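Step one of this worksheet: look at the structure below.
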Amino acid sequence: MTRRKVYVAVNADHKADGSCCPKMIRFDNDRKYEIDKVLQVCRAASEVGGRGIRYTVRIGRTETNLFDEQNGRWFVEAKFG
């Protein structure tokens, strides 16, 4: 299974202390995934290229990495194949 960088829309709560908590991911084809839990937040490089704030999130029973490039763009390491 290969992974690719896929840009997504993200609904997130922005708190007064400057922190951010993503709540939902939406792909271009309007598929929506509600984030059940944020497991970890750290600065990191992606295995598929790019870097930023990495949110390790749980959606249902699946863990995935969601990246905030801090320029208004978010992406996931999407699985293909």
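Position 1 is the first residue of the sequence, and the numbers go up from there. Owing to the predicted nature of the structure, the values given are computational and were not obtained by experimental measurement.
Annotation: side chain of Val10 is not in contact with side chain of Arg26 (no heavy-atom distance under 4.5 Å). With a 4.5 Å cut-off on side-chain heavy atoms, Tyr55 and Thr64 do not count as touching. Using a 4.5 Å cut-off on side-chain heavy atoms (C-beta onward), Val76 and Phe67 make no contact. Here the side chains of Arg58 and Leu39 are in contact, with some heavy-atom distance below 4.5 Å. A 4.5 Å side-chain heavy-atom check between Ile25 and Ile35 finds at least one atom pair inside the cut-off. Side chains of Val38 and Cys21 form a contact here, defined as non-hydrogen atoms less than 4.5 Å apart. Two residues are said to be in side-chain contact when any heavy atoms from C-beta on lie closer than 4.5 Å; Thr56 and Glu63 meet this criterion.
Taking Glu69 as the reference, Lys5 meet the salt bridge (Lys or Arg N to Asp or Glu O under 4.0 Å) condition, with sequence neighbours excluded.
The two residues Ala12 and Pro22 have their closest heavy-atom pair at CB-CA, 3.7 Å. The two residues Ala45 and Arg51 come nearest to each other via the heavy atoms CA-CB, 3.9 Å.
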Check your understanding: Under the side chain to side chain donor-acceptor pair (under 3.5 Å) criterion, do Arg43 and Gln70 qualify, and how do the steps go?
Key -> CA-CA 11 Å; Arg43 289 193 174 279; Gln70 296 185 291; 3.0 Å; yes

Check your understanding: Please walk me through it: do Asp13 and Lys23 pass side-chain contact (heavy atoms from CB on, under 4.5 Å)?
Key -> CA-CA 7 Å; Asp13 288 339; Lys23 297 294 184 183; 3.0 Å; yes

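Atoms CZ and CZ, from Phe75 and Arg73 in turn, are 10.0 Å apart once rounded to the nearest 0.5 Å. To the nearest 0.5 angstrom, Phe80 atom CZ is 11.0 Å from Arg3 atom CZ. If you take OG1 on Thr62 and NZ on Lys79, they are separated by 6.0 Å, rounding to the nearest 0.5 Å. In this structure, CD1 in Ile53 is found 11.5 Å from OG in Ser19, a value given to the nearest 0.5 Å. Here the CD atom belonging to Glu47 is positioned 7.5 Å from the CG atom belonging to Asn65, to the nearest 0.5 angstrom.
No donor-acceptor pair under 3.5 Å is formed between the side chain of Asp68 and the backbone N or O of Trp74. In this structure, Glu77 contributes its side chain and Leu66 its backbone to no donor-acceptor pair below 3.5 Å.
In the displayed structure, Asn71 atom CG is contacted under 6.0 Å by more than 12 heavy atoms of other residues, nucleotides or ligands.
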